[in-house]
Protein chains: 2
Amino acid sequence: MAANILLVEDEPAIQELVAVNLVRAGHQVLRAGDAETALRLVREALPDLVLVDWMLPGMNGVELARRLRADERTRSVPIIMLTARGEEQDKITGLETGADDYVTKPFSPRELVARIKAVLRRQRPQATDDIVEIGGLQLDPSTHRVTAGELPINLGPTEFRLLHFLMTHPERVHSRAQLLDQVWGDHVFVEERTVDVHIRRLRGALEATQHDRLVQTVRGSGYRLSADLGVAPALGVE
Amino acid sequence: MAANILLVEDEPAIQELVAVNLVRAGHQVLRAGDAETALRLVREALPDLVLVDWMLPGMNGVELARRLRADERTRSVPIIMLTARGEEQDKITGLETGADDYVTKPFSPRELVARIKAVLRRQRPQATDDIVEIGGLQLDPSTHRVTAGELPINLGPTEFRLLHFLMTHPERVHSRAQLLDQVWGDHVFVEERTVDVHIRRLRGALEATQHDRLVQTVRGSGYRLSADLGVAPALGVE
DNA sequence: CGCTGCCGTGACGCTTTTGTGACAGCGTTC
DNA sequence: GAACGCTGTCACAAAAGCGTCACGGCAGCG
């Protein structure tokens with residue numbers, strides 16, 4: 001996991017409590033006591049997630065969330081709202097503002113951490129540090145290593161990201177445009193056929209252990225990663 | 001999903017709020033602050049769906065809907081009305097005017113997105129990526145896979161689209177012209193008999209598992225997909 | 001019972017899409 | 001500053017799929 005999290009909470013005791021738990025779960029924690037500071041920090045540090053207390057002095061959590069959503073640069077940062085019991089009726093408003101999830105106090109650290117993980121995974125599954133495994137292929141994001149069974153596989157940075165994305169979104173067919181968005185970033189300008197070339201390089205690296213079969217071409221649509229080779233076991237049809 | 005949506009809303013804050021949520025759900029959003037602009041944009045951009053606030057300055061939402069329905073070119077564009085609580089009594093009027101659905105404020109983004117999906121699904125079932133299943137035949141658009149029972153079926157892009165369309169519009173008979181419109185696109189120029197050939201290829205691919213029986217010829221009219229074979233099988237053994 | 005359209009089917013060029021090897025640019029390393 | 005690793009793009013080769021046609025069978029009809 002290891003995400004950068006911005007915690008926005010005015011009550012020092014609670015702030016400390018939550019922060020400790022986040023750190024314990026392996027996250028980096030930035031803190032803000034009010035919405036203005038929070039806004040500044042989000043722009044400066046671009047955290048992976050913002051945890052906002054519903055009640056804040058001055059600008060409240062909803063307003064903060066709304067502002068984050070209004071700004072191009074901060075729009076995609078996921079938000080989790082913290083709210084006290086009894087404020088449940090505001091849940092709808094909270095979600096309307098664009099919060100991704102919503103946790104009621106008092107909450108267990110376990111629950112909070114779980115929700116955070118869930119939101120991060122939903123946002124960018126390949127941003128987690130979980131080891132992914134498919135069809136005997138293993139990829140470990142934290143050590144940046146790929147192994148096929150026991151054999152290590154060497155990949156360039158792009159091939160690594162490509163494989164990581166495919167492994168975190170298996171089965172699904174991805175168009176070249178989608179892959180460019182997700183792996184290269186939606187701002188870069190490269191030819192779609194470049195994807196083909198990197199797929200080729202990826203296959204080349206996986207060839208030694210036959211794992212190149214996992215990378216499948218779907219003619220007219222794009223590429224797919226799947227352990228299911230989709231071949232009928234020798235039905236005598238020509 | 002990923003639809004083009006025209007949002008008609010005069011209140012900037014709400015407009016922004018809704019737009020953000022639509023974008024997050026993967027839609028393209030066009031915006032209009034008044035009915036006149038909306039009318040123009042609908043003609044120019046031909047969105048997949050129009051989201052209209054009930055209360056608008058000048059021409060109100062109902063009137064806008066009526067006009068959209070009156071014009072040949074915009075008639076088929078689905079409309080969803082946004083309305084404040086307390087205007088419920090007008091619901092009937094709204095639906096009468098031709099709105100396809102109706103969402104009361106305050107609404108959760110989740111609900112709104114769900115309604116949109118529902119309306120789009122009704123409109124163009126094959127535009128969703130829901131798995132379709134008929135007579136033991138399964139088609140999964142997101143993985144681009146077709147299976148008959150357990151066995152995988154290999155189809156070319158055109159056969160895949162053809163089958164997808166037939167499966168999302170079963171029972172009904174489709175003329176060759178309709179199939180060309182829906183599967184090939186209404187602008188291409190190909191012989192009608194080409195449809196026959198692709199039907200043939202589709203049947204060929206389904207032959208191995210007997211599922212070719214689902215694809216039926218209606219002499220003089222076109223083709224139909226149906227789990228009901230319409231004939232008494234000679235012997236009930238399969 | 002023979003005609004007349006309609007449909008199934010196999011074959012065949014052609015176009016489009018994808019695989020592949022080569023290469024020049026670039027930033028880093030040694 | 002030479003060598004290296006990685007990247008994006010190209011041109012060409014290979015493959016796959018597409019649309020059309022011609023032939024033949026068959027249904028419906030008089």
Side-chain angles (χ1 to χ4, degrees), chain A residues 144 146 152-166 173-208 212-225 230-231 237-238, chain B residues 144 146 152-166 173-208 212-225 230-231:
Chain A
H144 225 261
V146 181
I153 306 274
N154 266 354
L155 296 179
T158 307
E159 279 76 56
F160 184 87
R161 289 201 311 278
L162 177 56
L163 179 60
H164 192 192
F165 176 76
L166 290 174
V173 177
H174 308 282
S175 69
R176 290 171 177 74
Q178 286 174 304
L179 290 173
L180 282 179
D181 276 6
Q182 299 290 329
V183 179
W184 275 256
D186 50 3
H187 49 303
V188 293
F189 174 66
V190 284
E191 290 292 324
E192 288 208 337
R193 287 302 305 277
T194 299
V195 174
D196 297 36
V197 178
H198 282 275
I199 286 281
R200 156 82 180 117
R201 289 171 180 158
L202 178 55
R203 280 175 172 155
L206 299 178
E207 231 160 34
D212 55 328
R213 300 171 309 166
L214 299 191
V215 182
Q216 301 168 359
T217 304
V218 179
R219 202 153 234 272
S221 301
Y223 295 97
R224 167 180 59 199
L225 191 96
V231 192
V237 188
E238 292 297 288
Chain B
H144 221 267
V146 180
I153 306 274
N154 271 344
L155 297 178
T158 308
E159 282 80 45
F160 186 88
R161 289 200 310 276
L162 177 56
L163 178 60
H164 193 193
F165 175 76
L166 291 175
V173 179
H174 308 282
S175 70
R176 290 170 177 74
Q178 286 175 307
L179 290 173
L180 283 178
D181 276 5
Q182 299 290 329
V183 179
W184 274 255
D186 48 4
H187 39 63
V188 295
F189 174 66
V190 285
E191 290 292 325
E192 289 209 336
R193 287 301 307 277
T194 299
V195 174
D196 296 35
V197 179
H198 281 275
I199 286 282
R200 155 77 182 124
R201 288 172 180 155
L202 178 55
R203 281 175 172 155
L206 299 179
E207 233 159 35
D212 55 326
R213 302 172 306 169
L214 300 189
V215 182
Q216 301 166 358
T217 305
V218 180
R219 203 178 170 80
S221 303
Y223 296 96
R224 167 179 56 197
L225 189 89
V231 239

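Treat the numbers as computed from the prediction; the structure is a model and nothing was measured. We name chains A, B, ... by the order of the sequence lines, and we start the count at 1 in each one.
Atom pair His198(A):NE2 and dG5(D):P shows a separation of 17 Å (rounding to whole Å applied). The nearest whole Å value for the distance from the CD atom in Glu192(B) to the P atom in dG8(C) is 14 Å. Summarising the geometry, the separation between CD on Glu191(B) and P on dC6(C) is reported as 15 Å, rounded to the nearest angstrom. As a whole-Å value, the separation of Phe160(A) CZ from dT7(D) C1' is 18 Å. Between His144(A) atom NE2 and dC6(D) atom P the separation is 12 Å, expressed in whole Å. Taking atom CG of Leu179(B) as the reference point, atom P of dG19(D) lies 13 Å away to the nearest angstrom.
No donor-acceptor distance shorter than 3.5 angstrom exists from the side chain of Gln182(B) to the backbone of Leu179(B), with no hydrogens or angles considered.
Residues Ser221(A) and Val173(A) share a closest heavy-atom pair of CB-CG1, 3.9 Å. The heavy-atom pair separating Arg213(A) from Gln216(A) by the smallest distance is O-CG, 3.5 Å.
Every residue two or more places apart in sequence or in another chain that forms a ring-ring contact (aromatic ring centres under 6.0 Å, His included) with Phe165(A) is listed here: His169(A), His174(A). By the ring-ring contact (aromatic ring centres under 6.0 Å, His included) test, His164(B) pairs with no residue at all, sequence neighbours left out. Partners of Asp196(B) by side chain to side chain contact (heavy atoms under 4.5 Å, CB included), not counting sequence neighbours, listed by chain and number: Arg176(B), Arg193(B), Tyr223(B).
Look at Thr158(A) and you'll find a side-chain N or O under 4.0 angstrom from OP1 or OP2 of dT7(D). Contact annotation: Trp184(A) does not reach the phosphate of dT7(D) (side-chain N/O to OP1 or OP2, under 4.0 Å).
Pairs passing the side chain to side chain donor-acceptor pair (under 3.5 Å) check and including a residue from residues 199-208 of chain A, sequence neighbours excluded, read Arg203(A)-Thr217(A).
If you check the side chains of Thr158(B) and His198(B), you find no donor sitting under 3.5 Å from an acceptor.
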Worksheet item: How would nucleotides 17-30 of chain C be written as a contact map, 5' to 3', with B for base contact, S for sugar-phosphate-only contact and - for no contact, using protein heavy atoms under 4.0 Å?
Response: BBBBSB--------
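In this structure, the helix from dC1(C)-dG30(D) to dC30(C)-dG1(D) shows an angle of 20° between the axis at its start and the axis at its end, each fitted on 5 base pairs and rounded to 10°.
Across all strands shown, Glu159(A) has heavy atoms under 4.0 Å from sugar-phosphate atoms exclusively, and none from any base.
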Practice prompt. Please report the C-alpha distance between Leu180(B) and Glu192(B) in whole Å, then the side-chain angles of each, then the deciding distance to 0.1 Å, and finally whether the side-chain contact (heavy atoms from CB on, under 4.5 Å) criterion is met.
Written response: CA-CA 7 Å; Leu180(B) 283 178; Glu192(B) 289 209 336; 4.3 Å; yes
